[in-house]
2 protein chains.
Amino acid sequence: MPTIAADPAEAVPAPPVAAFSPLYQQIKALITRSLQGGEWRPGELIPSEVELAARFRVSQGTVRKAIEALADENLLVRRQGKGTYVASHAEPTTRFRFLRLTPDAGEAGALERRFVDCRRQRAAADVARLLALKTGDAVVQLRRLLSFGGKPVVLDDIWLPGQPFKGLTAERLADHDGPLYGLFESAFGVRMIRADEKLRAAAADADSAALLGVAVGAPLLSVERLAYTYGEQPVELRRGLYDTRAHHYRNELS
Amino acid sequence: MPTIAADPAEAVPAPPVAAFSPLYQQIKALITRSLQGGEWRPGELIPSEVELAARFRVSQGTVRKAIEALADENLLVRRQGKGTYVASHAEPTTRFRFLRLTPDAGEAGALERRFVDCRRQRAAADVARLLALKTGDAVVQLRRLLSFGGKPVVLDDIWLPGQPFKGLTAERLADHDGPLYGLFESAFGVRMIRADEKLRAAAADADSAALLGVAVGAPLLSVERLAYTYGEQPVELRRGLYDTRAHHYRNELS
DNA sequence: GAGTGGTCTAGACCACTGA
DNA sequence: CAGTGGTCTAGACCACTCG
């Protein structure tokens with residue numbers, strides 16, 4: 001049993017059993033909190049290294065290491081001579097970070113997004129579990145067709161938690177141009193940080209076959225994505241069917 | 001027109017148009033060369049930071065930055081208190097770095113590798129192009145079946161350039177235990193650094209269906225992998241068919 | 001030219017490993 | 001305990017951007 005010191009001033013400090021955390025990781029956590037709290041918004045410039053060093057009372061090198069870690073995780077973007085920016089899904093450079101489908105040959109034709117459906121409903125058990133909700137909680141479901149150069153290639157079913165995406169409607173989607181994640185961050189303050197995907201081969205059912213213009217039973221690439229925002233919180237479930245006759249899913253192993 | 005100095009000693013030094021290369025990147029290149037040349041072999045300990053700093057006449061911090069970059073690329077592994085090791089595909093921790101197939105539920109059953117075929121032949125045009133060879137050059141072709149818990153799940157066709165893999169035979173493969181890339185690095189001095197994969201959905205043909213125990217026409221995940229060694233040199237082409245009825249290909253987007 | 005991030009150094013101290 | 005990598009600091013200088 002631990003001894004209790006009579007005088008609080010003499011209390012034995014808690015031994016650092018496994019509680020060692022480097023300064024730069026603490027700074028990293030503080031910066032992340034400011035990002036999450038909206039102190040600096042996507043696309044904006046954050047304070048310079050020297051300013052942050054003064055603010056946190058640490059050396060510039062420590063701030064630098066924290067920022068470098070966040071840049072590695074694609075939360076920040078550093079630009080020499082200019083400053084450090086909050087990453088945004090609206091930027092042209094980051095736009096295809098999450099879309100891994102590429103034409104087998106040549107340039108990608110113009111990308112077109114068509115929303116087939118948008119409805120609010122109650123979460124089924126599997127959807128709720130993945131989104132860390134309770135069965136029956138409100139969710140928004142979207143169905144979307146992605147076309148390259150006029151040809152439909154991807155059919156996505158998307159589920160979003162009802163709460164942060166309260167005002168999401170078909171009009172809102174139709175008005176918006178550009179990547180969905182850009183809309184999510186600008187209109188709903190939800191920033192997608194990372195995602196896990198599970199890929200399988202599947203046979204097209206009648207519905208998917210009609211929308212994608214393939215034969216019933218044709219092989220399709222099935223992609224289930226769970227996307228996370230800050231703090232490993234899941235905020236989007238996506239089930240996609242890809243027509244891979246003229247496109248492929250590219251991946252780099254390292 | 002540039003002026004030519006009469007005295008060579010007075011020659012104007014070439015302006016650093018775009019030729020700036022940080023010291024730590026030069027050190028990184030030197031370390032890479034030693035790795036490539038076999039000065040330190042996979043699994044071995046490389047010299048300490050202070051030793052390398054003395055050897056290259058730079059500060060420890062510069063060496064550290066070079067090593068950190070190489071560790072990020074999975075060429076080196078740092079272990080506090082012990083030292084820095086050359087990464088190896090034989091290590092249990094790195095063994096599944098390139099195999100992204102995971103069972104949908106539960107633990108992966110025992111992995112079993114069975115080689116169906118191993119032959120030397122002349123490269124077809126497409127294989128030659130991908131491996132940076134000439135059509136008709138010698139290649140080794142392997143056909144391999146991967147089973148989890150006794151059930152066949154992956155059928156791989158593998159092409160290797162004839163040159164570095166001269167002594168590769170069916171016996172050699174049968175004798176070896178563990179990942180193929182472990183054999184490649186220990187027996188042939190070829191270390192796989194990274195790989196590009198292209199994923200598609202395909203229908204099983206008679207051959208594949210029989211080997212994988214699925215129906216003809218069943219959807220399979222098709223994975224074409226091109227693996228590279230040092231200097232972005234392609235050294236393996238792999239065409240795999242995955243049965244994804246009880247397994248999936250996992251990927252993380254970030 | 002002023003301000004930004006990028007590189008390089010030198011030195012101190014900390015955490016971890018193994019003899 | 002000595003040796004390793006890991007953290008933190010302070011300061012100098014370089015490369016890039018923009019007004």
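A salt bridge does not link B:E197 with B:R238: none of the charged nitrogens is closer than 4.0 Å to a carboxylate oxygen. Taking a cutoff of 4.0 Å between a charged side-chain nitrogen and a carboxylate oxygen, A:E73 and A:K28 qualify as a salt bridge.
Between the side chains of A:S147 and A:E112, no donor-acceptor pair is found at a separation under 3.5 Å. Judged by distance alone, the side chains of B:R191 and B:T229 never bring a donor and an acceptor atom under 3.5 Å apart. Under 3.5 Å, the side chains of A:E185 and A:S88 contain a donor-acceptor pair of N or O atoms.
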| Hey, mind stepping through B:E236 and B:Y228 against side chain to side chain donor-acceptor pair (under 3.5 Å) and telling me if it holds? | CA-CA 7 Å; B:E236 183 204 48; B:Y228 299 84; over 6 Å; no
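Rounded to whole Å, the distance from CD on A:E51 to C1' on C:dT4 is 11 Å. What separates CG of A:L70 from C1' of C:dG5 is a distance of 16 Å, to the nearest Å.
Of the residues in residues 73-93 of chain B, those placing a heavy atom less than 4.0 Å from an atom of DNA chain C are B:Q80, B:G81, B:K82, in numerical order. Across residues 38-46 of chain A, not one residue has a non-hydrogen atom less than 4.0 Å from an atom of DNA chain C.
When distances are taken from the side chain of B:R64 to each of C:dG6, D:dG6, D:dT4, the shortest belongs to D:dG6.
Put simply, A:S48 has no side-chain N or O that comes within less than 4.0 Å of OP1 or OP2 on C:dG3.
A:R97 is listed as a side-chain neighbour of A:H89, based on a closest heavy-atom distance under 4.5 Å. You'll find the side chain of B:L221 reaches within 4.5 Å of the side chain of B:Y249, heavy atoms only.
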| task | Scan nucleotides 8-13 of chain D nucleotide by nucleotide, 5' to 3', and note B when protein non-hydrogen atoms come under 4.0 Å of the base, S if they reach only the sugar-phosphate, - if neither. | result | SBS---
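Between the side chain of B:R200 and the backbone N or O of A:H248, no donor-acceptor pair lies under 3.5 Å.
Counting heavy atoms of neighbouring residues, nucleotides and ligands inside a 6.0 Å radius, atom CZ of A:R114 does not exceed 12 of them.
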